[in-house]
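Keep in mind it's a predicted model, so treat the numbers as computed, not measured. A note on names: the letters A, B, ... follow the listed sequences, proteins ahead of strands, and every chain is numbered from 1.
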Amino acid sequence: MRRGFKSEAERLAAQVRTEMGLGPYKPLDIKALVRHVGAQLRTADELTSLTKLQELEALQPGAFSACTFDLGTRKVIVVSPLATDERQRSDVSHEASHLLLDHKVREVEQLGGLSFFTCDPDEEQEANWLAGCLLLPRDLLVRSLRSGLDAVAIAEANTVSVQMANFRLRATGAERQVAAARR
Amino acid sequence: MSDPNTPELGGALKAERRKRRLSLREVSYETGVSVNTLSRVERGYLPDLKNYQRIIDWLGVPAGTFLEASKPESPTGTLDLVARHFRADPGLTSEAAEKLTSLVQDMYSQLVSERPRLAAHMRSAQTFTPAAGALLADILSDMQATLENEETR
């Protein structure tokens with residue numbers, strides 16, 4: 001990730017939340033986020049057969065979580081219906097983050113009977129980081145810890161995975177800050 | 001569907017690595033492809049195009065080595081089929097069949113649209129088994145087609 005991006009992302013997430021009328025403390029309204037980035041939200045089984053999605057999941061678990069199509073006139077975020085609510089919220093935030101960061105969609109190359117899915121690892125990392133900032137802003141984490149919530153309770157209150165809550169508590173330094181204040 | 005006569009990238013990578021007596025970590029250092037991705041490729045997974053190219057370069061083989069020869073697709077197929085039907089029709093003279101074929105060819109080339117390129121952002125695995133990759137491409141293609149049909153409605 002390029003230098004300075006993490007702080008930029010925290011600021012961008014705070015700005016987006018303010019524009020959405022959420023502020024730093026409310027759980028992220030995922031549908032409102034999708035509207036805010038000018039996209040539509042669909043589940044994959046509305047656009048292809050559920051059987052194919054289940055077959056893919058059986059062939060390679062986690063092979064597909066979400067994607068975004070740019071159709072010129074509209075952008076559509078598509079999420080797998082097979083994932084948990086927590087995972088879907090994370091996936092949709094990740095896709096919305098690509099749009100906020102103006103990352104361009106990439107073509108799937110079909111060559112010689114093989115399909116290649118190109119992705120830019122830097123862009124994926126940036127979208128991951130921004131999605132975390134949108135779902136769990138640093139201020140929300142600090143306030144939650146101060147009010148006695150732990151990672152599990154924070155995860156539950158914001159419909160994210162405990163793994164995501166733990167990651168953000170460590171990555172933002174919120175855990176250290178609150179622990180130091182208590183000493 | 002992968003062609004059983006097409007050599008496999010994973011097998012070739014493993015064989016070359018063993019021939020040069022290198023660990024995955026050493027190959028990772030030489031290619032810039034992560035150890036995890038190299039390991040998965042050796043187990044039959046397909047990497048993204050950038051990593052595919054890096055591995056091909058390291059192996060020192062032509063880029064098409066692990067790809068099936070490309071096959072012509074429609075519209076040629078459709079037009080050939082129509083022309084054959086006209087030629088086989090006992091009610092048509094050979095001249096009439098050729099004339100009809102030519103007319104249909106003209107109309108077809110005017111009306112047929114280029115197949116849209118499949119493009120999307122994806123949150124998914126980084127490497128795929130050939131079967132999962134093919135099915136995912138099919139699913140993405142379905143989704144894009146459904147969305148594009150909604151546009152024209």
Side-chain angles (χ1 to χ4, degrees), chain A residues 40 42 44-49 52-53 55-80 83 87 90-92 94-95 97-99 103-121 123-124 127-128 131, chain B residues 1-6 8-9 32 34 37 40 44-53 63-71 73 115-152:
Chain A
Q40 295 170 355
R42 306 286 289 271
D45 57 325
E46 294 172 40
L47 307 172
T48 185
S49 81
K52 280 189 186 177
L53 294 164
E55 196 186 328
L56 177 62
E57 189 61 22
L59 273 174
Q60 189 178 334
F64 169 74
S65 300
C67 65
T68 303
F69 290 98
D70 185 348
L71 301 166
T73 50
R74 62 182 172 136
K75 295 183 173 75
V76 183
I77 294 176
V78 183
V79 67
S80 170
R87 179 72 205 202
S90 165
D91 291 336
V92 173
H94 174 97
E95 291 300 318
S97 296
H98 275 307
L99 296 177
H103 294 162
K104 300 285 173 256
V105 294
R106 290 170 185 277
E107 285 184 355
V108 176
E109 300 288 344
Q110 287 167 308
L111 301 171
L114 300 175
S115 302
F116 293 95
F117 303 89
T118 23
C119 72
D120 180 328
E123 289 189 353
E124 293 307 310
N128 273 344
Chain B
M1 192 67 80
S2 67
D3 182 343
N5 297 319
T6 306
E8 283 183 43
L9 178 67
S34 74
T37 297
R40 289 172 77 87
Y45 285 70
L46 196 62
D48 67 16
L49 206 50
K50 195 189 274 181
N51 284 331
Y52 179 86
Q53 188 60 52
T65 307
F66 305 105
L67 306 175
E68 290 172 34
S70 58
K71 302 175 189 83
E73 292 180 16
R115 199 173 66 170
R117 300 279 291 168
L118 187 55
H121 270 303
M122 289 246 296
R123 193 171 204 201
S124 61
Q126 300 294 311
T127 53
F128 296 92
T129 62
L135 183 54
L136 179 55
D138 180 38
I139 286 171
L140 288 173
S141 187
D142 273 0
M143 296 197 292
Q144 180 159 306
T146 309
L147 290 168
E148 275 164 356
N149 284 337
E150 289 175 355
E151 299 271 295
T152 54

* Could you give the distance from CD (B:Glu150) to CD (A:Gln40), rounded to the nearest 0.5 Å? -> 8.0 Å
* Nearest-0.5 Å distance, OG1 of residue A:Thr48 to CD of residue B:Gln144 -> 12.5 Å
* Rounded to the nearest 0.5 Å, what separation is found between the CD1 atom of B:Ile139 and the CG atom of A:Leu56? -> 4.5 Å
* Asked: For B:Leu147, is it the side chain, the backbone, both, or neither that has a heavy atom closer than 4.5 Å to a heavy atom of chain A?
  -> both
* Asked: Is chain B contacted by the side chain of A:Ile77, its backbone, both, or neither, given a heavy-atom distance below 4.5 Å?
  -> neither
* **Residues in salt bridge (Lys or Arg N to Asp or Glu O under 4.0 Å) contact with A:Asp45, at least two apart in sequence or another chain** => none
* Return the option, out of A:Pro61, A:Ser80, A:Ser90, A:Ala58, with the maximum number of heavy-atom pairs under 4.5 Å with chain B. => A:Ser90
* Structure fact -> Max heavy-atom pairs within cutoff under 4.5 Å with chain B, candidates A:Glu124, A:Arg74, A:His103, goes to A:Arg74
* Structure fact -> Rounded to the nearest 0.5 angstrom, the CG-CD distance for B:Leu135 and A:Glu55 is 5.0 Å
* Asked: Where do B:Leu140 and A:Cys67 come nearest, in terms of heavy atoms and distance?
  -> CD2-SG, 3.9 Å
* **Side chain / backbone / both / neither for A:Ala44 at chain B, heavy atoms under 4.5 Å** => both
